[in-house]
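Structure first, then comments.
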Amino acid sequence: MQDISLNDEHNQRPTWDEYFLMLAKLAATRSTCLAFPVGAVIVKNKQVVATGYNGSPSGSAHCTTQGYCYPGLSSCDASKTLPSRAVHAEANAIAQAAKHGISTDGASIYVTLEPCLSCLKLIISAGIKEVFYETSFNSGEKALVRDSFVTEGLVTFKQIHLSELTVKKAALFLINPTSVARAATEVSGF
């Protein structure tokens, strides 16, 4: 009986939500922001149409390359007055779709961090109807504004958590080559 459950675990696929969230997490690895990495994936009909990550605008020096956001400021979140240099992941994903003539109307977006209000307004204006996120961001009055958009039926929100099994399998796939033949004993679970 143990062998069957091991085999079932071995063949367990991530849900669609887990799959797209993991892609957003991979996109976040490209972030050039010193404060924290964020990734986004726009999905339509279970197909990825655009990805984005946060960082300085195209053509501008990357904060990670120069080691600071502004001279004398280690990261953008260290200042109360200077705005972040980063274009947010959601905005970059929407910009990529627009740049390549891809409609986002009726799409969903998966993000590693719940969108700020500016990005949320952009998401709604781009016709994206569903927001799936990993980590909460908005609270207090910002949450009230977010919730008003939800109440108006402009967008829905769902927090996604990766299962431990999915994370372990993904880590193995990232660490080891995936496109190699498996031994017969490994496939059978013995």
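Residue numbers start at 1 and run along the sequence shown.
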> What's the spacing between Arg146 CZ and Ser136 OG if we round to 0.5 Å?
Replying inline: 7.5 Å
> Tell me, do Glu130 and Thr156 make a side-chain contact under 4.5 Å, heavy atoms counted?
Replying inline: yes
> What residues, two or more places apart in sequence or in another chain, satisfy side-chain hydrogen bond (donor to acceptor under 3.5 Å, both in side chains) together with Gln159?
Replying inline: none
> For the residue pair Tyr19 and Trp16, does the interplanar ring angle fall in the parallel (under 30°), tilted (30 to 60°) or perpendicular (over 60°) class?
Replying inline: perpendicular
> Is Tyr110 close to Val43 at the side-chain level, that is, under 4.5 Å between some pair of heavy atoms?
Replying inline: yes
> For Leu144, what are the other residues in its hydrophobic cluster, where any two members join if their side-chain heavy atoms are less than 4.5 angstrom apart?
Replying inline: none
> For the residue pair Ile160 and Phe132, what are the closest heavy atoms and their distance?
Replying inline: CD1-CD2, 3.8 Å
> Thr112 side chain to Gly39 main-chain N or O, any donor-acceptor pair under 3.5 Å?
Replying inline: yes
> With a 4.5 Å limit on heavy-atom distance, are the side chains of His88 and Val38 in contact?
Replying inline: no
> Taking a hydrophobic cluster as the set of Ile, Leu, Val, Met, Phe, Trp and Tyr residues connected by side-chain heavy atoms closer than 4.5 Å, whether directly or through intermediates, do Val48 and Ile102 fall within one such cluster?
Replying inline: no
> Going by heavy atoms in the side chains, are Lys158 and Asp17 under 4.5 Å from each other?
Replying inline: yes
> Are Leu154 and Tyr133 co-members of a hydrophobic cluster defined by side-chain heavy atoms under 4.5 Å apart?
Replying inline: yes
>> To the closest 0.5 Å, what do you measure between CG (Asp147) and CG (Asn138)?
In response: 9.0 Å
> Is the number of heavy atoms from other residues, nucleotides or ligands within 6.0 Å of CG (Asn45) greater than 12?
Replying inline: no
> Looking only at heavy atoms, which two atoms of Val49 and Lys44 are closest? And how far apart?
Replying inline: CG1-CB, 4.0 Å
> Of the options Lys169, Lys168, Gln12, Glu18, which is the one that meets Ser163 in a side-chain hydrogen bond (donor to acceptor under 3.5 Å, both in side chains)?
Replying inline: Glu18
>> Show the nearest heavy-atom pair for residues Pro37 and Ala28, with the distance to one decimal.
In response: CB-O, 3.5 Å
> Knowing that exactly one of Thr104, Ile128, Ile42 qualifies, which makes a side chain to side chain contact (heavy atoms under 4.5 Å, CB included) with Ile123?
Replying inline: Ile128
> What's the spacing between Thr135 OG1 and His161 NE2 if we round to 0.5 Å?
Replying inline: 8.5 Å
> How close do Val111 and Leu21 get, heavy atom to heavy atom, and via which atoms?
Replying inline: O-CD1, 3.8 Å
> Considering only heavy atoms from C-beta outward, does the side chain of Met22 approach that of Thr166 to under 4.5 Å?
Replying inline: yes
> Under the 3.5 angstrom rule, does the side chain of Ser31 hit a backbone N or O of Asn54 as a donor-acceptor pair?
Replying inline: yes
>> Please find the pair of heavy atoms, one from Ala27 and one from Gly52, that lie closest to each other, and give the distance.
In response: CB-O, 3.7 Å
> Would you say Ser56 and Thr32 make side-chain contact, with heavy atoms under 4.5 Å?
Replying inline: yes
>> Counting only heavy atoms not in Glu141 (residues, nucleotides, ligands), do more than 12 fall under 6.0 Å from its CD?
In response: no
> Quick check: does any side chain N or O of Ser125 sit under 3.5 Å from a backbone N or O of Leu122, one acting as donor and the other as acceptor?
Replying inline: no
> Between Asn92 (side chain) and Tyr53 (backbone), is there a donor-acceptor pair under 3.5 Å?
Replying inline: yes
> Is there a side-chain contact between Leu162 and Lys25, using heavy atoms and a 4.5 Å cut-off?
Replying inline: yes
> So, Glu114 side chain and Phe137 main chain: donor-acceptor pair closer than 3.5 Å or not?
Replying inline: yes
> Roughly how far, to the nearest 0.5 Å, is CG of Leu120 from CD of Glu90?
Replying inline: 9.0 Å
>> If I take atom CD1 from residue Ile109 and atom CD1 from residue Ile94, how far apart are they, to the nearest 0.5 angstrom?
In response: 5.5 Å
> Any side-chain heavy atom of Pro115 within less than 4.5 Å of one from Phe157?
Replying inline: yes
